[in-house]
Visitor: 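Questions regarding the structure given below will be posed in turn.
Side-chain atoms are counted along with the backbone in the values below, which use heavy atoms only and exclude waters and symmetry mates. Order of appearance sets the numbers: ligands from 1, and atoms from 1 within every ligand. What you see is a predicted model; the values in this text were computed from it and never measured.
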Amino acid sequence: MDLPSPRCSLWRGLVLVASLLASGICQAAGQIFITQLLGVEGYRSILALENIPENVREYTWYRGTQDSAGNMILSYKLPNSWQPGPMHSGRENVTRTGDLVIKKSMLNDTGNYTVWVDTGNETQTATGWLEIVELESNPGISVNATSLVENMDSVAAYCHTNVTKVTWFVNSVPISSSNRMTISPDGKTLIVHRVSRYDRTLQCVVESFPEIFQRSELIALTVAYGPDSVVLRATPDIFNGVITAKIGSQVEMECVSISLPPSSYRWTHNGSLLNLSEAKMTLLSLAWEQLGRYRCIVENPVAQLTFYRDVRIQLPPESECCLPPELLPVARSGFYISGSLVVFLIVMTVLGSVYLCGVLVYALISYYSTRYLWCSRSRMGHRLGQELKGYHTLQGEDG
Ligand SMILES: *[C@@H]1O[C@H](CO)[C@@H](O)[C@H](O)[C@H]1NC(C)=O
Ligand SMILES: *[C@@H]1O[C@H](CO)[C@@H](O)[C@H](O)[C@H]1NC(C)=O
Ligand SMILES: *[C@@H]1O[C@H](CO)[C@@H](O)[C@H](O)[C@H]1NC(C)=O
Ligand SMILES: *[C@@H]1O[C@H](CO)[C@@H](O)[C@H](O)[C@H]1NC(C)=O
Ligand SMILES: *[C@@H]1O[C@H](CO)[C@@H](O)[C@H](O)[C@H]1NC(C)=O
Ligand SMILES: *[C@@H]1O[C@H](CO)[C@@H](O)[C@H](O)[C@H]1NC(C)=O
């Protein structure tokens, strides 16, 4: 008979061999044995068979050291027949290679287990000891700070465990040492240098038994950041740092920024602080004294970072003279004259004055010269009149 060579695998499934008892390993060829097991409460335990012969027809597992009918847990007849016995708790099964699998192990599953293997012209038995242990409580975690400022603060986290296999998770993703994160040689300390806003949670996970992982609680970090992307928006739009608006029109300005915690806002107008702590400022009806420089100051109170944005409100450069009548504001209070119109009026006034003076001078000259002529003429006329009068008198005396 061609017997299979012994397979000396120690680790199958959830296997942790501390020491080997009676069955041992690498026994004489042909003799089956059970790998000694340490199971963990609540997890699956496997009593693995080694060195199994060919042509097995049936595997039967028993509780204790005796293969008596009263101790039977489960019998598996190849290929497809499973027969539970009095010791079957509902959690056991036998695999096609004869291993006994116990789901959700309990502490009182600890004890001896015996297997009986039948190949038709030969039977073998083996007994093994299963120990179910309690898990230690989950690892503890502590951090030296949870409220941090982005790119400034570092955080150190410590994993409280006696287990040597420790893995650190940042945002639930396993991490290894990098230029931003340092893990101590014993694995128990993690330092995140100059935290970022994306460093949200820290957790350590230990592998207390092969493939059994225990997680610490999740530590949430609060990383203050910003103000970021500070923008000043306005209606009417800002062009080259200037809002162009007419007296009486509505102007809205709003500072937008991203930060944690939310930023505080302040406004100044021509250098003096305004009594406003909102991101938004509305000038319902722009007045003359509201023209000028505005500054929006955005501050993250925790990160102690401040940014500002400036804008100027001014009147349109060419006021209304060149607008078609339908674009002129309907309600107009006051009287407006444009610069060019003023120049035109001044020129017209000067020209008019010069003209009037000329006319006046001419009139005066004309007047005096005319009067002189008239005077000399009237003196002559007077004399003539007297002469004529004398003539008439002479005539009357005649008639
Ligand atoms: C054992 O597992 C097989 C499937 O692998 C299943 O058909 C069978 O019913 C199980 N037996 C018991 C006792 O749970
Ligand atoms: C093991 O303990 C459970 C309760 O914890 C009990 O129901 C079960 O009968 C016990 N099994 C044995 C074999 O003592
Ligand atoms: C288990 O079996 C070993 C020997 O096979 C024996 O010494 C031991 O007392 C047994 N333990 C129990 C609890 O039956
Ligand atoms: C067992 O039976 C097989 C055939 O089923 C045979 O080849 C083998 O030699 C037998 N072994 C022994 C030890 O009798
Ligand atoms: C926390 O530990 C880190 C790394 O050792 C250190 O840089 C940081 O200052 C500590 N923070 C506090 C609040 O002690
Ligand atoms: C580590 O082991 C020691 C002694 O064995 C024990 O006192 C301590 O509580 C253990 N620590 C943890 C976190 O399990």
Visitor: Would Glu58 and Ser75 count as having a side-chain donor-acceptor pair, cut-off 3.5 Å?
Guide: yes
Visitor: What protein heavy atom sits nearest atom 5 (O) of ligand 5, and how far off is it?
Guide: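 Here the closest protein heavy atom is Ile191 CD1, 4.1 Å.
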Visitor: Does any N or O in the side chain of Asn51 come within less than 3.5 Å of the main-chain N or O of Phe33, such that one atom is a donor and the other an acceptor?
Guide: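 No, the answer is negative, given that no donor and acceptor are paired below the 3.5 Å cut-off.
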Visitor: Looking just at side-chain N and O atoms, do Arg96 and Tyr76 make a donor-acceptor pair shorter than 3.5 Å?
Guide: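 Arg96 vs Tyr76: donor-acceptor pair found between side chains.
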Visitor: Sub-3.5 Å donor-acceptor pair from the side chain of Trp267 to the main-chain atoms of Glu278, do we have one?
Guide: yes
Visitor: Within 4.0 Å of atom 2 (O) of ligand 2 (strictly less), any protein heavy atom?
Guide: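 Protein heavy atom within 4.0 Å of atom 2 (O) of ligand 2: present.
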Visitor: Looking only at protein heavy atoms, identify the closest one to atom 7 (O) of ligand 5 and say how far it is in Å.
Guide: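 Looking at atom 7 (O) of ligand 5, the protein heavy atom closest to it is Ser154 CB, 3.7 Å.
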Visitor: Is there a donor-acceptor pair under 3.5 Å between the side chain of Arg91 and the backbone N or O of Lys103?
Guide: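 Checking the backbone N and O of Lys103 against the side chain of Arg91, a donor-acceptor pair under 3.5 Å is found.
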Visitor: Is there at least one pair of N or O atoms, one from Asn112 and one from ligand 3, spaced under 3.5 Å apart?
Guide: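 Yes; at least one N/O pair falls below 3.5 Å.
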Visitor: Please write down residue, atom name and distance for the protein heavy atom closest to atom 11 (N) of ligand 2.
Guide: Asn108 ND2, 3.0 Å
Visitor: Just to confirm, does any protein heavy atom lie below 4.0 Å from atom 9 (O) of ligand 5?
Guide: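 So atom 9 (O) of ligand 5 lacks protein heavy-atom neighbours under 4.0 Å.
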Visitor: Please state which protein non-hydrogen atom is closest to atom 13 (C) of ligand 5 and give its distance, to 0.1 Å?
Guide: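 Closest protein heavy atom to atom 13 (C) of ligand 5: Asn144 O, 3.8 Å.
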Visitor: For a quick check under 3.5 Å, do Ser257 and Tyr265 share a side-chain donor-acceptor pair by atom type?
Guide: yes
